[in-house]
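Structure record follows, encoded as structure tokens.
The basis for the numbers below is simple: all heavy atoms, side chains too, and nothing from hydrogens, waters or symmetry mates.
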Amino acid sequence: MTGEDDATLVSRAQQELPYRTGAFEALMRRHGPNIQALCRRFIRQTEEAEDLTQEVMLKVFFELPRFRGEAAFQAWLWRITANHCLDHQRRQKTHRLEPLESEETAHLPDDKQRQLQQTEARLDAERLLACLTPEDRLIVLLRLSVGLEFAEIATSLDLGLSAAKMRYTRALDKMRAIAQPGTQPSRPD
């Protein structure tokens with residue numbers, strides 16, 4: 001991996017594209033895994049998330065020459081990824097996940113039951129995330145999965161800092177309320 005910072009690679013890529021792609025490829029090697037992780041967490045279907053990741057990278061390829069550098073490259077990249085995920089979500093119907101019945105798993109060995117419990121916990125987290133609006137889900141994923149600071153989230157999503165914090169807190173509160181026993185998750189409108 002190159003030792004050049006993002007700003008240097010962006011400048012080089014803007015001069016090189018579309019004929020040479022070395023700097024662009026270095027940027028995608030650096031940031032591609034995070035784009036892919038966010039797409040996978042947001043979409044949840046692996047193949048679809050892979051396609052979405054490729055679409056984001058292609059969009060960055062074509063938009064990079066017009067990047068003005070008013071914000072950090074990473075914030076710009078998150079904005080493109082977030083908007084593409086949200087647009088995709090609006091076009092698609094999501095699938096509900098149903099838990100396995102306990103009598104279906106009672107015969108499994110302990111290690112298999114433990115793996116199944118971990119999988120069900122992950123599915124429960126996915127169900128809770130699915131109950132959020134796409135915009136709020138994105139804020140939670142950017143914070144918890146990607147590890148962005150609130151200032152970075154605010155910049156990436158074109159929000160004020162206090163609005164990003166407030167929406168994150170409200171999203172977590174909604175998830176906590178839904179996780180209470182006897183509460184049925186509902187799909188966001």
Take His88 and Glu48 through the side chain to side chain donor-acceptor pair (under 3.5 Å) test and state the conclusion after the steps. CA-CA 10 Å; His88 178 81; Glu48 198 172 342; 2.5 Å; yes

Salt bridge (charged side-chain N to carboxylate O under 4.0 Å, His left out) evaluation trace for Asp6 with Arg30: CA-CA 9 Å; Asp6 284 350; Arg30 180 177 292 163; 2.7 Å; yes

Between Thr155 and Trp76, is a side chain to side chain contact (heavy atoms under 4.5 Å, CB included) present by the stated rule, with each step listed? CA-CA 8 Å; Thr155 301; Trp76 179 79; over 6 Å; no

Run the side chain to side chain contact (heavy atoms under 4.5 Å, CB included) check on Leu142 and Leu157 step by step: do they pass? CA-CA 10 Å; Leu142 286 172; Leu157 300 179; 4.0 Å; yes

I'd like to know whether Thr46 forms a side chain to side chain contact (heavy atoms under 4.5 Å, CB included) with Arg40, so could you lay out the CA-CA distance, the side-chain angles of the two residues, the decisive distance to 0.1 Å, and finally the verdict. CA-CA 6 Å; Thr46 303; Arg40 279 188 176 168; 4.1 Å; yes

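Atom CE of Met166 is separated from atom CZ of Phe150 by 12.0 Å, given to the nearest 0.5 angstrom. Summarising the geometry, atom CZ belonging to Arg167 is positioned 11.5 Å from atom OG belonging to Ser162; distances are rounded to the nearest 0.5 Å. Expressed to the nearest 0.5 Å, how far SG of Cys85 lies from CG of Leu38 amounts to 5.0 Å. The NE2 atom of His84 lies 12.0 Å from the CE atom of Met57; values are rounded to the nearest 0.5 Å. Distance check: Ile35 CD1 to Thr81 OG1 gives 4.5 Å after rounding to the nearest 0.5 Å. A distance of 9.5 Å separates CG of Leu138 from OG1 of Thr133, quoted to the nearest 0.5 Å.
Side chains of Arg79 and Asn83 form a contact here, defined as non-hydrogen atoms less than 4.5 Å apart. Residues Arg12 and Glu4 meet the side-chain proximity criterion, which asks for heavy atoms closer than 4.5 Å.
Thr169 contributes a side-chain N or O that, together with a main-chain N or O of Lys165, makes up a donor-acceptor pair within less than 3.5 Å. In this structure, Ser11 contributes its side chain and Ala7 its backbone to no donor-acceptor pair below 3.5 Å.
Identified under the salt bridge (charged side-chain N to carboxylate O under 4.0 Å, His left out) test for residues 142-156, with sequence neighbours left out: Arg143-Glu149. Contacts classified as side chain to side chain donor-acceptor pair (under 3.5 Å) and involving residues 18-27 (residues at least two apart or in different chains) are given here: Thr21-Glu25.
Taking each heavy atom of Leu132 and Ala171 in turn, the nearest pair found is CD2-O, 3.6 Å. Heavy atoms only, all atoms of each residue included: Gln36 and Thr53 are closest at CA-OG1, 3.4 Å. Contact detail for Ala151 and Leu161: the closest heavy-atom pair is N-CD1, 3.6 Å. Considering all non-hydrogen atoms of both residues, Pro33 and Met28 come closest at CD-O, 3.9 Å. For the pair Gly22 and Glu16, the tightest heavy-atom approach, listed with the atom from each and the gap, is N-OE1, 3.6 Å. Summarising the geometry of Ala23 relative to Leu9, their closest heavy-atom pair is CB-O, 3.4 Å, with the distance given to 0.1 Å.
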Identify each donor-acceptor pair in which a side-chain atom of residues 60-74 lies under 3.5 Å from a protein atom, sequence neighbours left out, and give them as a table.
residue	atom	partner	partner atom	Å
Glu63	OE2	Arg66	NH2	3.1
Arg66	NH2	Phe62	O	3.4
Arg68	NE	Glu70	OE2	2.9
Arg68	NH2	Glu70	OE1	3.1

